[in-house]
Amino acid sequence: MKQYHSIINNKKIDNGNWLEIINPSTNQVYAQVSALTKIELDEAFKSARSAFKIWSALNVEKRKEILVNWKKLILLNKEELAQILVSEVAKSHKDALSEIIRTGEYIDLTISEFENMELLTFDNTYNGIQENIYAEYHRIPKGVGVAISPFNYPVNLSISKLAPGILTGNTFVFKPATQGSIVGIRLIELAIEAGIPAGVLNVVTGKGKDIGDDIVKNNEIDFISFTGSVGVGNRIKELASSKDLVFELGGKDAAIILDDHNLENIASDIVAGAFSYSGQRCTAIKRVITTNAIADKISPLLKLEVEKLTVGLPTENSTIVPLIDKKSADYVEELINDAIRHQAIALTSIKRKENLIWPVLLDKVALKSKVAWEEPFGPILPIIRVETIDDMIKVANESNFGLQTTIYSKDEKLAYELAFKLEVGTININRRTQRGPDVLPFLGVKDSGFGVQGIKETIMSTTRYKGIIRKK
Ligand SMILES: NC(=O)C1=CN([C@@H]2O[C@H](COP(=O)(O)OP(=O)(O)OC[C@H]3O[C@@H](n4cnc5c(N)ncnc54)[C@H](OP(=O)(O)O)[C@@H]3O)[C@@H](O)[C@H]2O)C=CC1
Ligand SMILES: O=C(O)[C@H](O)COP(=O)(O)O
């Protein structure tokens, strides 16, 4: 059995405790990763704290050079990393590769955004300043960060926290999702190969429910960046020693269809948005809200598109792949059954084999069914029928989540006006919900999170101002 070690202070940890990583496609043990205890976790924070002094003082050009080397090594090893994603999180091989390539681009963009950031300056000609002074405000690193990432984008959502943070001079204790730990460890091994000094990036593994509290309660923490579920986010908020938090949580992104223009294209866009990686994306379209008349027209088109989806193994590059674990598949099945009990009509066949759930399109979903409100993180798309455009906005806003919404309409002016009525971080007009392009700010409101991710925003959230003012 292959074993992967947590890394603290650039050293492999072997405390004799191991955690099994299950391949979601086979439900068999695939490998083992270290299962750390509080002793090692405290050690990781100590290392990050002492490395901070040296790393933050290092010339930024040197930090940039190491980041570029890291990117090159990630891309050079993309095939191996993709194979790990296939086995560890059942991501299709092609999606795994594109996640890794996107991550390389993310690092490039991080460097260029950082280079383009201007020093904030004021002088006596500035409005409101009467004294004869010159003031400059630098961005300096906050210190020791905790990065906690989810299973669904284990490469991209880890690097998007770590790369801007280390470029600006911070150090990290990085906790990848258990399913996602192997690739997390490999990323840090590659960082070491790229020249990262000891203690700058420490990867700690173990079940979140066992080690999470000890991580977030540690007193060395200056800031936390977390992506994951609302429940875990709430716990971290309650326990964390630092209240400097950026949270990206769940979503219940709606596709609102205002009129019957271009429905064939809309159907294909919605299905791509809802079902890629079996719907295991925070930005997946998780409900369609429209009128009866439009629903009558679009539901057969959606059905046709859903029936084209390939279902199978990640090694076969299927779009619909086994869900991350049996518990997640059970939950999706429960949501389907509950919707049917509430008179929803399944337009596609309902089928399951272990963690693999065939894509399900549910029409006439009642508002009292769970799937109208809860996040399945699986391949189900509910169609909710309402009477008017006002009803569409009302139902969309009744969700506890507020990540993204998409409005499809030939009337872009109306869509633009409605965008301001929707309680979400981002509205897409005539394009499916999605995080990219990565240079854009990415944020959720309500239960979908707080703080903003994105390249520039992560540079900002991992740094603070330091002002220097002198008399002229
Ligand atoms: N808005 C956004 O940007 C995104 C949101 N998400 C959301 O993430 C969820 C799916 O990801 P999933 O990985 O299942 O989410 P989880 O919330 O289960 O886990 C996220 C991370 O938190 C860790 N964790 C678990 N318990 C604790 C704890 N008590 N203290 C500290 N850390 C803990 C997990 O470790 P372990 O795996 O060991 O339990 C994992 O690393 C969905 O709700 C999805 O919407 C996902 C991607 C993007
Ligand atoms: O974790 C997620 O679900 C991602 O942040 C979504 O990214 P995508 O919209 O680019 O797939």
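Counting starts at 1 for both ligands and their atoms, following the listed order. Model, not experiment: these values are computed from the prediction.
For ligand 1, the atoms sitting less than 4.0 Å from at least one non-hydrogen atom of K207 are 38 (O), numbered in the order shown with element in parentheses. Ligand-side atoms of ligand 1 in range of D213: 29 (N), range being under 4.0 angstrom from any heavy atom. Near P150, meaning under 4.0 Å from one of its heavy atoms, ligand 1 places the atoms 11 (O), 13 (O), 46 (C), 47 (C). Set against the non-hydrogen atoms of G206, the atoms of ligand 1 under 4.0 Å away are 38 (O). Taking every non-hydrogen atom of S229 and a distance limit under 4.0 Å, the qualifying atoms of ligand 1 come out as 8 (O), 9 (C), 15 (O), 16 (P), 17 (O), 18 (O), 43 (O). Remark: ligand 1 atoms within the under-4.0 Å shell around heavy atoms of P176 are 41 (O). Set against the non-hydrogen atoms of S149, the atoms of ligand 1 under 4.0 Å away are 21 (C), 40 (C), 41 (O).
At a threshold of 4.0 Å, the pair D330-K326 counts as salt-bridged, since one of the basic side-chain nitrogens sits closer than that to a carboxylate oxygen. Checked for salt-bridge contact, R49 and E220 meet the test: a charged N lies under 4.0 Å from a carboxylate O. Remark: E374 does not engage K286 in a salt bridge, criterion side-chain N to carboxylate O under 4.0 Å. Look at R102 and E99 and you find no salt bridge, because none of the NZ, NE, NH1 or NH2 atoms lies under 4.0 Å from a carboxylate O. Using a 4.0 Å cut-off between a side-chain N of Lys or Arg and a carboxylate O of Asp or Glu, R281 and D95 do not qualify as a salt bridge.
Distances between N or O atoms of G208 and those of ligand 1 include at least one value under 3.5 Å. At a 3.5 angstrom cut-off on N or O pairs, K175 counts as close to ligand 1.
Looking only at protein heavy atoms, the nearest one to atom 43 (O) of ligand 1 is E375 OE1, 2.9 Å. Ranking the protein heavy atoms by distance from atom 13 (O) of ligand 1 puts F151 N, 3.1 Å first. At the shortest separation from atom 2 (C) of ligand 1 among protein heavy atoms lies C282 SG, 3.1 Å. Of all protein heavy atoms, the one closest to atom 23 (C) of ligand 1 is I148 CG2, 3.8 Å. Among protein heavy atoms, atom 31 (C) of ligand 1 sits closest to G212 CA, 3.5 Å.
Sorted by chain then number, the residues whose non-hydrogen atoms approach ligand 2 to under 4.0 Å are R102, N152, Y153, L157, R281, C282, T283, Q434, R435.
Taking a 4.0 Å cut-off on heavy atoms, G449 fails to register as neighbouring ligand 1. Ligand 1 lies less than 4.0 angstrom from a heavy atom belonging to N152. In this structure, F226 has a heavy atom closer than 4.0 Å to ligand 1. Using a 4.0 Å cutoff on heavy atoms, G233 does not count as a contact of ligand 1. Residue contacts with ligand 1 include L157, since one of its heavy atoms falls under 4.0 Å from the ligand.
Ranked by closest heavy atom to atom 9 (C) of ligand 1, the top entry among G228, G184, A177, G425 is G228. Taking only non-hydrogen atoms, the option from I224, L239, T178, T227 nearest to atom 37 (O) of ligand 1 is T178. Among N234, T283, L249, the residue whose heavy atom sits closest to atom 1 (N) of ligand 1 is L249. Atom 27 (C) of ligand 1 has its nearest heavy-atom neighbour, among I236, V232, D253, L443, in V232.
Screening residues 164-192 for ring pair (Phe, Tyr, Trp, His ring centres under 6.0 Å) gives F172-F223 as the qualifying pairs, with residues at least two apart or on separate chains. Applying the ring pair (Phe, Tyr, Trp, His ring centres under 6.0 Å) test to pairs two or more places apart or on separate chains, none has a residue in residues 27-47. Applying the salt bridge (charged side-chain N to carboxylate O under 4.0 Å, His left out) rule to pairs touching residues 223-237 yields D213-R235, sequence neighbours excluded.
Taking CG of L245 as the start and OG of S461 as the end, the distance is 11.0 Å to the nearest 0.5 Å.
Evaluated for a side chain to side chain contact (heavy atoms under 4.5 Å, CB included) with L239, the options I215, D214, V216 yield exactly one hit, V216. Checking D447, V232, V230, L403 one by one against L249, the side chain to side chain contact (heavy atoms under 4.5 Å, CB included) holds for a single residue, V230.
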Give the C-alpha distance, both sets of side-chain angles, the deciding distance and a yes or no for side-chain contact (heavy atoms from CB on, under 4.5 Å) between E248 and F226.
CA-CA 6 Å; E248 297 295 348; F226 169 74; over 6 Å; no

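Within 4.0 Å of atom 19 (O) of ligand 1, not a single protein heavy atom is present.
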